[in-house]
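When a ligand or atom number is given, it counts from 1 through the structure's own listing order. Side chains are part of it too, since the values below use all heavy atoms of this structure and drop only hydrogens, waters and symmetry mates.
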Amino acid sequence: MSGVLLTGFEPFADDPVNPSGDAVRLAAELWDGPETLVTAVLPVTFADAGVRLRALIAEHDPDVVLATGLASGRSTVSIERVAVNLIDASIPDNAGAQPVDAPCVPGGPPAWFATVPVKAIARAVAAAGIPSSLSLSAGTYVCNHVFSNAVDAGRRAGFIHVPWGTGQAPHDEPELPVADLARAFVIAARTALDVHDDEATPGGAVH
Ligand code: PCA
């Protein structure tokens, strides 16, 4: 197909909701093409999440794969730049597995860069009035595992971490409206389809 595979995640860590899954469902309603947008909500398990993503890629043959997940505590829509080939789970996944120091993709490289235009996406999201930033680590849990598999699958692939949706945060973590998260996903998908060469603007950090 010509288009985008957009994924979010189910709830995990005993939380009743996951804003990434909610926003992906809403993004499917907002999308007005012309390319196809296929959405899915992935399980938060090391055994199944990467396998399911690769099956969706094989089934739909998308040009772009955008995976998304919750990063509790972050205040911006974070466009991830680096997938590291490392699982080191600080909490059990939804199947009770807690692998330590295992590769996401056995035999793969130490890390991959996102292959979508991360700076163009971050700027386009911010231009829509939604707080956005670049991030250098997607962690070593299931999100990074899916990000690694997405890039390794050879598509233009990226990962977006989001804050809690408004009214969802279990403590006093930062929140953004789920409608804004969904809009950010639509903008990211549109930008990833349209922009092939990323912007050469400073986006790094001193530390
Ligand atoms: N966030 C977790 C896994 C699922 C999700 O939404 C993570 O950042 O790895």
*Do D198 and V118 come close enough that some side-chain heavy atom pair is under 4.5 Å?*
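Side chain of D198 against side chain of V118, heavy atoms only: contact under 4.5 Å found.
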
*So does E35 pair up with R190, basic N to acidic O under 4.0 Å?*
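Counted as a salt bridge, because a side-chain N and a carboxylate O are separated by less than 4.0 Å.
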
*asked:* Closer than 4.0 angstrom, basic N to acidic O: yes or no for R74 and E80?
replied: yes

_Residue list, ring-ring contact (aromatic ring centres under 6.0 Å, His included) with F9, at least two apart or on another chain_ = none

*Which parts of the protein, at residue level, reach under 4.0 Å of ligand 1 through a heavy atom?*
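Correct list: F9, F12, N18, V44, G69, L70, Y141, V142, C143, H161.
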
*Under 3.5 Å, is there a donor-acceptor pair between the S133 and T76 side chains?*
yes

*asked:* Check the orientation of Y141 and F46. Use parallel for under 30°, tilted for 30 to 60°, and perpendicular for over 60°.
replied: perpendicular

